[in-house]
Amino acid sequence: MSSTVLTQEKTEFSRGLLAGTSIAIGYLPAAITFGLLAKGTGLSFFESMAMSMFVFAGAAQYMALNLIAIGTGAFEIIFTTFIVNIRHLLMSASVNEKVENAHPLTKAIYSFGLTDEVFAVTSTQEGKVKTGFIIGVAVMAYASWVLNTGVGYLMGSALPQSLQESMAIALYAMFIALLIPSLKKQRKIVWLAISAAILNSFLSLFIPSGWSIILATLITSTAIEYIRPKKGVS
């Protein structure tokens, strides 16, 4: 009986690896870019790899790089990335209903790998999702992100010093590229981006830049969500 269960888990894990291949391919350019930007920001190879290994959250890592570049303190960086990743609380609750029951330690392991893409692949499966499957998807995604971070960093190291120093500019270009698709879909995002930028510029005159970003994000997000049903902002 135990042999049959083990065989089934191996099969589900293999299915998960296969399903995670598309995620791994999609992560390749984003992870390489992160490695390049981490090098340009001044992080060491070990620090860049450690961030991808222990944080494993694309948007949060890009945000952290930006905060590191402007000299923000550690607490502000942690708090800001927490806000950026707070959606994972909802995703985890949803996946918990979808995946078969497992030991809490096992859940903790695969919840670490629960990125937006892993969540999308897992939540679209029919019926109960096996533990081996979600672990397989997460392992494939994780391996791609970490390995390609290293590739990107090493590529950055091979660039001339002048280009390495200019990579910090690419960080802002990356944020703009991430923001544009959302701006096209909802006017609310336009108001949110403009309001947050203005408020952050004002608050940064009185408080450290890290806290100004945090407060601007919290205040504008709350205000937009409150105003939207009242004024009909779409």
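Along the sequence shown, the residues carry numbers beginning at 1.
Put simply, the side chain of N96 never gets that close to the backbone of S92: no donor and acceptor are under 3.5 Å apart. No donor-acceptor pair under 3.5 Å is formed between the side chain of Y153 and the backbone N or O of L36. Judged purely by atom type and a 3.5 angstrom limit, K39 has no side-chain atom pairing as donor or acceptor with the backbone of M155. Between the K128 side chain and the E97 main chain, a donor and an acceptor come within less than 3.5 Å of each other. The backbone N or O of A108 lies less than 3.5 Å from a partner atom in the side chain of S111, making a donor-acceptor pair. A donor-acceptor pair under 3.5 Å is absent between the side-chain atoms of T122 and the main chain of F119, judged by distance alone.
Closest approach of M140 to L17, counting heavy atoms only: CE-O, 3.4 Å. What you find for M51 and A64 is that their closest heavy atoms are CE-CB, 4.2 Å. When every heavy atom of G26 is checked against every heavy atom of P29, the shortest pair comes out as O-CD, 3.4 Å. Considering all non-hydrogen atoms of both residues, A60 and N85 come closest at CB-ND2, 3.4 Å. Residue E47 comes nearest to L43 through the heavy atom pair OE1-CA, 3.4 Å, listed as atom of the first residue, atom of the second, then distance.
Cluster membership for I219 and F202, using ILVMFWY side-chain heavy atoms within less than 4.5 angstrom, is shared. Hydrophobic clustering, with ILVMFWY side chains joined whenever heavy atoms are under 4.5 angstrom apart, groups L154 together with Y27. At a threshold of 4.5 Å between side-chain heavy atoms, the hydrophobic network of Ile, Leu, Val, Met, Phe, Trp and Tyr places L147 and V137 in two separate groups. Hydrophobic clustering, with ILVMFWY side chains joined whenever heavy atoms are under 4.5 angstrom apart, keeps L105 apart from F112. No single ILVMFWY cluster, assembled from side-chain heavy atoms under 4.5 Å apart, contains both F46 and M53.
Distance check: F56 CZ to L114 CG gives 9.5 Å after rounding to the nearest 0.5 Å. Atom OG of S44 sits about 11.0 Å away from atom CE of M49, to the nearest 0.5 Å. Residue T220 holds its OG1 atom at 6.5 Å from CG of L199, rounded to the nearest 0.5 Å. Summarising the geometry, atom CD1 belonging to I109 is positioned 12.0 Å from atom CD1 belonging to I134; distances are rounded to the nearest 0.5 Å. Interatomic distance, CG of L37 versus CD1 of I32, reported as 12.0 Å (0.5 Å rounding). With rounding to the nearest 0.5 Å, the separation of OG in S144 from CD1 in I23 is 9.5 Å.
Open room surrounds CZ on F82; 12 or fewer heavy atoms of other groups in view lie less than 6.0 Å from it.
The shortest side-chain heavy-atom distance between N148 and V151 falls under the 4.5 Å cut-off. Taking the side chain as every heavy atom from C-beta outward, V55 and T81 never approach each other to under 4.5 Å. Looking at F13 and V139, their side chains come closer than 4.5 Å, going by heavy atoms from C-beta outward. Two residues are said to be in side-chain contact when any heavy atoms from C-beta on lie closer than 4.5 Å; D116 and M91 meet this criterion.
In summary, the side chains of E100 and T131 do present a donor paired with an acceptor at a separation below 3.5 Å, with no hydrogens or angles considered.
Aromatic ring orientation, F34 versus Y62: perpendicular (interplanar angle above 60°, classes split at 30° and 60°).
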(request) Go through the steps for K130 and Q125 under the test side chain to side chain contact (heavy atoms under 4.5 Å, CB included), then give the verdict. (result) CA-CA 10 Å; K130 299 293 183 182; Q125 298 297 306; over 6 Å; no

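Qualifying side-chain hydrogen bond (donor to acceptor under 3.5 Å, both in side chains) partners for Y110, counting only residues two or more places apart in sequence or in other chains: none. Contacts of S52 classified as side-chain hydrogen bond (donor to acceptor under 3.5 Å, both in side chains), with partners at least two apart in sequence or in another chain: Q61, W145, T149.
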